[in-house]
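A short worksheet on the structure shown next.
Note that the numbering runs from 1 along the sequence shown for the chain. Values in this document were obtained by computation on a predicted structure and should not be read as measured data.
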Amino acid sequence: MLQRIDHLVAPVPSLDAAEAYERLGLALTPRTVHTGRGTANRAAFVGRSAADFVYLELLAVEAPADLPASRAVYADIAAHGGGLAAIAFTVDRPLEAALAPLASAGAAIDRAGVRAEDGRLLVDAALAAGLSAIPFPVLLVDYPGGLEARFERSRGLGRFDHRFPLARLDHLAVLAPDLDAATRAWVDLLGLVVAGEITAPGMVIRQLRCGDAVIELLAPAGDASPLAGRPAALLPVAAWEVAGPLEAAADLARERGFTCPPPSPGVIPGTRRTTIPAAELGGVAMQLLEYAG
């Protein structure tokens with residue numbers, strides 16, 4: 001049912017957070033106000049085709065009185081310095097059909113389109129929240145005109161003309177203390193498929209494929225795990241595969257004023273990684289990832 005990850009909702013205290021991403025070398029969209037929703041955004045688009053492009057949405061709550069109650073978590077995260085609040089997905093069927101199993105499972109559904117200041121419908125969207133096994137809001141979205149036209153329009157506007165070598169979103173991570181319950185929710189309600197499982201020191205990582213990217217469910221492997229006792233949550237980090245050598249991307253980040261440790265072997269076999277801390281990017285850490293071959 002879930003077709004691909006469309007975007008990541010990252011509330012920030014203000015859209016001044018976009019300056020760090022621009023300094024890193026990413027091209028961001030102009031400020032867009034969401035009429036009647038209390039928010040405004042800027043976004044960084046990353047990807048190579050209509051099938052795999054995603055965007056990171058920096059979202060500021062500028063009129064709290066207009067923010068829908070279902071989005072209250074956005075204001076809370078922004079007030080605490082920023083982070084990831086929700087994941088948005090496109091679906092392979094009408095929104096009503098995609099929402100039905102979520103509603104049957106007890107999710108609270110908020111269906112509403114988002115419009116620009118000139119009244120244009122930017123996206124038809126529905127937010128599903130309140131399921132213990134999925135500890136953050138899930139957005140299902142549908143765009144007028146389809147993804148291919150949207151990708152070509154975005155490319156024509158220069159939204160992929162970055163000066164930093166992000167190639168694609170590789171994975172996101174969700175803490176899932178009850179790993180089996182979380183897996184059932186993502187598989188039965190949202191149609192994802194288990195793609196693999198990795199045992200790492202102190203944790204078990206179950207991988208769910210969603211289009212070209214992966215949702216990782218992280219569970220503690222025993223009471224001594226650093227994850228033991230932590231509640232279910234969407235972690236404030238996004239892992240991006242880089243184009244070209246990882247060292248070159250890390251060097252470029254350092255030249256532009258970011259903290260970037262020397263690359264080291266990743267948890268995913270055959271990968272190397274380094275990470276720009278969340279505090280330097282509006283509350284969302286940027287893991288840079290390279291597949292060694």
Side-chain angles (χ1 to χ4, degrees), residues 4-35 37-62 67 71 74-75 77-78 82-90 112-118 120-125 127 137-170 172 211-213 234 236-240 276 278 280-286:
R4 52 184 281 282
I5 296 174
D6 182 75
H7 66 275
L8 316 179
V9 181
V12 290
S14 84
L15 290 182
D16 290 345
E19 295 174 1
Y21 288 86
E22 291 176 319
R23 175 163 50 88
L24 183 62
L26 299 185
L28 271 69
T29 60
R31 176 177 176 271
T32 297
V33 174
H34 303 136
T35 303
R37 308 292 287 178
T39 56
N41 75 0
R42 296 189 68 189
F45 283 65
V46 179
R48 301 164 294 196
S49 71
D52 73 5
F53 82 95
V54 303
Y55 68 92
L56 174 66
E57 178 186 29
L58 303 178
L59 187 77
V61 178
E62 298 188 340
L67 186 69
R71 271 75 168 174
Y74 297 173
I77 290 175
L84 281 183
I87 306 175
F89 302 88
T90 58
V114 177
R115 296 185 179 275
E117 291 177 279
D118 61 6
R120 290 178 298 113
L121 179 66
L122 299 175
V123 58
D124 188 10
L127 181 146
V138 170
L139 283 160
L140 305 183
V141 298
D142 183 35
Y143 291 93
L147 289 173
E148 190 69 45
R150 187 162 178 269
F151 173 74
E152 292 300 333
R153 182 173 65 253
S154 297
R155 185 166 63 175
L157 291 170
R159 292 177 176 171
F160 299 93
D161 296 344
H162 305 304
R163 297 178 296 105
F164 190 76
L166 296 187
R168 51 177 285 276
L169 178 67
D170 188 81
L172 302 170
D212 193 49
L234 174 62
V237 58
W240 306 87
I276 301 174
E280 298 179 9
L281 287 169
V284 181
M286 179 181 287

Is there side-chain contact between [X] and [Y], with at least one heavy-atom pair below 4.5 Å?
X	Y	answer
Leu26	Leu166	yes
Leu24	Met286	yes
Phe89	Leu139	no
Phe45	Leu56	no
Leu172	Ile87	yes
Arg155	Leu157	no
Val46	Trp240	yes
Phe164	Arg23	no

> Can you check whether Val61's main-chain N or O pairs, donor with acceptor, with Thr39's side chain at less than 3.5 Å?
Replying inline: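 No; judged by distance alone, with no hydrogens or angles, the pair does not exist.
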> So, His7 side chain and Ala43 main chain: donor-acceptor pair closer than 3.5 Å or not?
Replying inline: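 No.
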Would you compute the distance between atom [atom1] of [X] and atom [atom2] of [Y] and round it to the nearest 0.5 angstrom?
X	Y	atom1	atom2	value
His34	Leu67	NE2	CG	11.5 Å
Thr32	Leu59	OG1	CG	11.0 Å
Asn41	Thr29	CG	OG1	5.5 Å
Ser49	Glu152	OG	CD	10.0 Å

Side chains of residues 141-148: which donor-acceptor pairs under 3.5 Å do they make with residues two or more places apart or in other chains?
{"unit_1": "Tyr143", "atom_1": "OH", "unit_2": "Asp6", "atom_2": "OD2", "d": "2.5"}
{"unit_1": "Tyr143", "atom_1": "OH", "unit_2": "Tyr55", "atom_2": "OH", "d": "3.4"}

>> Against the six-membered ring of Phe53, is Arg4 placed for a cation-pi contact (under 6.0 Å from the centre, within 45° of the normal)?
In response: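 Output yes; distance and angle both within limits.
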> Salt bridge check: are Glu62 and Arg31 linked by an N-O gap of less than 4.0 Å?
Replying inline: yes
> Any ion pair linking Glu22 and Arg42 (charged N to carboxylate O, less than 4.0 Å)?
Replying inline: yes
> Going by the angle between their ring planes, with limits at 30° and 60°, are Phe160 and Phe151 parallel, tilted or perpendicular?
Replying inline: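 Because their plane-to-plane angle lies in the 30° to 60° range, the rings of Phe160 and Phe151 count as tilted.
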Where do [X] and [Y] come nearest, in terms of heavy atoms and distance?
X	Y	result
Gly283	Pro236	O-CB, 3.5 Å
Ala20	Leu281	CB-CD2, 4.2 Å
Ala85	Pro137	O-CD, 3.3 Å
Ala213	Ile5	CB-CD1, 3.9 Å
Gly282	Val12	O-CG1, 3.6 Å
Leu84	Ala10	CD2-CB, 4.1 Å

> Residues in salt bridge (Lys or Arg N to Asp or Glu O under 4.0 Å) with Arg48, at least two apart?
Replying inline: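 Partners of Arg48 by the salt bridge (Lys or Arg N to Asp or Glu O under 4.0 Å) criterion, ordered by chain and then number, come out as Asp52, Asp212.
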>> Go through it in stages, so that I can follow the logic: the residues are Arg37 and Arg71, the test is side chain to side chain contact (heavy atoms under 4.5 Å, CB included), and I'd like the CA-CA distance, side-chain angles, deciding distance and then a yes or no.
In response: CA-CA 9 Å; Arg37 308 292 287 178; Arg71 271 75 168 174; 3.3 Å; yes
